[in-house]
Trainee: 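Please find one structure pasted underneath; my questions will follow.
The basis for the numbers below is simple: all heavy atoms, side chains too, and nothing from hydrogens, waters or symmetry mates.
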2 protein chains.
Amino acid sequence: MNGQRERILSCACELYLKVGLDGFSMRKLARDLGVTAPSIYRHFEGREEVLGEVLREAHRTFSSYLFAALNEPTPLDRFIGAGEGYLNFVVQHPRWYGIMHTGIDHLGMGALPADIEAMQAGIQQFWMDRVRECIQAGILKDGDRELISVTMWAHAHGMVQLYHEGCFPGTEAEFRMLFKQSGTRMMVGVATDDFAVQLNQIVVDEATQLQD
Amino acid sequence: MNGQRERILSCACELYLKVGLDGFSMRKLARDLGVTAPSIYRHFEGREEVLGEVLREAHRTFSSYLFAALNEPTPLDRFIGAGEGYLNFVVQHPRWYGIMHTGIDHLGMGALPADIEAMQAGIQQFWMDRVRECIQAGILKDGDRELISVTMWAHAHGMVQLYHEGCFPGTEAEFRMLFKQSGTRMMVGVATDDFAVQLNQIVVDEATQLQD
DNA sequence: GTCTATAATCCGATAGAC
DNA sequence: GTCTATCGGATTATAGAC
C-alpha cells in the first residue's frame, strides 16, 4: 500500500510544525503514527529523506501563497499581491519559513534534491519577473535589477527574522502594519521619482493620521 | 584558584566559535581543557551558565565594534562609523552575531541575565542616539524615530542573514560592497530631501562607473 | 579540585522473527 | 509490513572516592 507513505508524510509535516527541526525525531514520528520506529524505515531511507519531503511541502505552500498574485491585473497589483502573500505566509507558517532558511548541513543532507532547487529557482524567477515588469511600468528605477531585488529581499527577510525572534513587542496585526510602513519607506530608494512621490504621500498621510 | 574559571571561559568561547551552539557540549569543553566533564561543575552550575558567559562575551565584543564610532567628529561620521563597525563585526564574527540572535529557550535558559539585558538596552540606545542626532543634523527625516530605526535595522539584519545563509554568491569583499550599495538605496526613503539628493548622486555615480 | 563510575535520557539505524 | 531486541553513540548531570 502506497497510502501509508503519504500518511507518514502528513504526520511528519504535522510533527515538524509542532516541535521544529531539532525536536523532530523518527521515534516521535513513529509514536504519533501509532507504530514503532523501524517500521518507518520500510518506507523511507532515513530521517534525511523524510525531512526532504517536509522541505518540499514548505516550498509548495510558499509558492502557492506567492503565485496567487499572478491573477492580479497590473504589474503593481501583482507586486503588491506577492508582498501580501509573502507576509501572510511568514506570519501564518513561521516553521515552514524557518526550514526554507535552514542550511542543508543542519538538515543532515549533502545536497538539495534537484526538484527543490528547481522550486527555489522558480521563486527567484517569480520575483525577478515582478521587478522587471515594474521597471517597464515606470514604478521601479531602470537600473541594476539584481540590486533592487536584493534591497527589497533583505528588508523583508530582516523584518520577518526580527519579528520571529521577538524583537518587535507588538501584536501580529501591529507587525503587519509595521512591515508595510517600513516597506513603503524602503521602496522610496528603489522607485522611480514619479512613483516615489506617491510613496512619500503615503508616508505623509500616515503622519497626519497619527496626529488626529 | 579563580584563574581556572577564566581559563574555562576562554576555552568555552573558543569552542563555541569553532563548533557552534548545537555542537557545544560540556564533554567537548572538558576534552579541550584536558580534564574530565565533572570537573567543570565545580566552577559552573551547568551548561546554561557557561553559555551565558559566552553570550556575555559576544555582547561585549559587539559593543566595542559599535562604540568605537563615538570618537568620530560629526553625527554623520558617527552613523557611518557605526554602520562600518556593524559590518566588520558580522563579517568577522558570524558565530557571535548568531548567538546574539538565538532565542533563550534554545540556549536552555529561562530568562536573560540582567546585565546582558542591560547591554542590549545600551546597544539599542546607541542606535536611537545616532538616529536622533542625524535628525537634528538634517540628515534623516524628522518623523517616527522608532520606525526609521526599524527600517534600517531590518535591512541590515536581513542582508547579514542572507549572506550567512549563503544566499549571495560573491566573495566577502563583494558582500561588503553589496551591503553598502543596498544600504544607500534603503537610506533614501528615511533621509531628508536634501540628503536624499546626495545619496541618489552616489547611486548615479556607481551606475556611470559600471558603464566604463 | 579532580577523578571514576554511573544514572537517566535521548538519538539513528539494523537484524531477524513473525 | 510490523514487531522485539539491540547496537552504538550522544548528551547533562550527580555520587562518592581520593
Side-chain angles (χ1 to χ4, degrees), chain A residues 1-55 95 98-99 102-113, chain B residues 1-55 95 98-99 102-113:
Chain A
M1 189 82 74
N2 209 348
Q4 185 69 334
R5 183 183 165 97
E6 289 182 15
R7 195 173 78 90
I8 294 174
L9 288 182
S10 168
C11 204
C13 288
E14 213 173 310
L15 177 62
Y16 165 73
L17 291 176
K18 190 171 62 185
V19 302
L21 184 61
D22 291 349
F24 184 92
S25 74
M26 299 296 269
R27 295 167 118 92
K28 285 182 191 168
L29 177 56
R31 187 172 43 72
D32 286 1
L33 284 163
V35 298
T36 57
S39 305
I40 303 175
Y41 289 84
R42 289 283 151 185
H43 303 273
F44 293 91
E45 202 167 334
R47 183 176 185 262
E48 168 190 339
E49 191 188 347
V50 179
L51 284 177
E53 293 284 0
V54 174
L55 183 60
R95 297 263 200 218
I99 200 173
T102 298
I104 52 175
D105 53 336
H106 201 310
L107 293 172
M109 306 192 210
L112 280 184
Chain B
M1 188 83 73
N2 209 349
Q4 186 68 334
R5 183 183 167 97
E6 289 182 16
R7 195 173 79 91
I8 294 174
L9 288 182
S10 167
C11 205
C13 287
E14 215 173 308
L15 176 62
Y16 166 73
L17 291 177
K18 191 171 60 186
V19 301
L21 184 60
D22 292 348
F24 183 93
S25 73
M26 299 297 268
R27 294 166 115 91
K28 286 182 189 167
L29 178 55
R31 187 172 44 72
D32 286 1
L33 283 162
V35 298
T36 56
S39 305
I40 303 174
Y41 289 84
R42 288 284 152 183
H43 303 274
F44 293 91
E45 202 167 333
R47 184 177 185 261
E48 168 190 338
E49 191 188 348
V50 179
L51 285 177
E53 294 282 358
V54 174
L55 183 60
R95 296 264 202 217
I99 200 174
T102 298
I104 51 175
D105 53 337
H106 201 309
L107 293 172
M109 304 191 213
L112 280 184

Trainee: Whole Å only: how far is the CZ atom of A:F44 from the C1' atom of C:dT14?
Mentor: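 In whole Å, C:dT14 C1' and A:F44 CZ are 18 Å from each other.
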Trainee: Just the rounded figure in Å: distance from P of C:dG12 to CD of A:E49.
Mentor: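 Rounded to the whole Å, the gap is 15 Å.
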Trainee: Specify the separation, in whole Å, of atom CD of A:Q4 and atom C1' of D:dT2.
Mentor: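 Taking atom C1' of D:dT2 as the reference, CD of A:Q4 is at 10 Å.
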Trainee: Can you list every pair that meets side chain to side chain donor-acceptor pair (under 3.5 Å) and has a residue in residues 9-31 of chain A, with sequence neighbours left out?
Mentor: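 For residues 9-31 of chain A: A:D22-B:H106.
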Trainee: Using the test side-chain hydrogen bond (donor to acceptor under 3.5 Å, both in side chains), find all partners of B:R7 that sit at least two apart in sequence or belong to another chain.
Mentor: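 Partners of B:R7 under the side-chain hydrogen bond (donor to acceptor under 3.5 Å, both in side chains) test: B:Q4.
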Trainee: Can you tell me how far CG of A:L29 sits from CG of A:L9, rounded to the nearest 0.5 angstrom?
Mentor: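 A:L9 atom CG to A:L29 atom CG measures 9.0 Å (nearest 0.5 Å).
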Trainee: If the condition is side chain to side chain contact (heavy atoms under 4.5 Å, CB included), which residues does B:L17 pass it with, not counting sequence neighbours?
Mentor: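 By the side chain to side chain contact (heavy atoms under 4.5 Å, CB included) rule, B:L17 matches B:R95, B:W96.
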Trainee: Taking the minimum atom-to-atom distance to the side chain of B:P38, which one of D:dT14, D:dA5, C:dT2 wins?
Mentor: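 When the side chain of B:P38 is considered, D:dT14 is the closest of D:dT14, D:dA5, C:dT2.
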Trainee: Using a cut-off of strictly less than 4.0 Å between a heavy atom of the residue and any atom of DNA chain D, enumerate the qualifying residues of residues 20-34 of chain A by number.
Mentor: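 DNA chain D contact set from residues 20-34 of chain A: none.
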Trainee: For D:dC3, take OP1 and OP2 only and decide whether either is under 4.0 Å from a side-chain N or O of A:T36.
Mentor: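 True: A:T36 side-chain N/O within range (under 4.0 Å) of D:dC3 OP1/OP2.
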Trainee: Could you tell me which residues satisfy side-chain hydrogen bond (donor to acceptor under 3.5 Å, both in side chains) with A:E6, sequence neighbours excluded, listed by chain and number?
Mentor: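 side-chain hydrogen bond (donor to acceptor under 3.5 Å, both in side chains) list for A:E6, sorted by chain: empty.
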Trainee: Please determine, for the side chain of B:Y41, which listed nucleotide (C:dA13, D:dT2, D:dT14) has the closest atom?
Mentor: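 So the side chain of B:Y41 is nearest to D:dT14.
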Trainee: If you look at every strand shown and take non-hydrogen atoms under 4.0 Å, does A:R42 touch a base, only sugar-phosphate, or nothing?
Mentor: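 Base: the residue A:R42, judged by heavy atoms under 4.0 Å, touches a nucleobase.
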Trainee: I'd like to check the side chain to side chain contact (heavy atoms under 4.5 Å, CB included) partners of A:P113; sequence neighbours left out, ordered by chain and number.
Mentor: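 With neighbours one apart ignored, the set is A:R56, A:M109, A:D115, A:I116.
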Trainee: D:dT11 C1' sits how many Å from B:I40 CD1, rounded?
Mentor: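 That distance rounds to 13 Å.
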Trainee: D:dG1 P sits how many Å from A:R7 CZ, rounded?
Mentor: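 Those two atoms, CZ and P, are 12 Å apart.
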Trainee: How long is the line joining CG of A:L107 and P of C:dG12, in whole Å?
Mentor: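 Distance check: A:L107 CG to C:dG12 P gives 14 Å.
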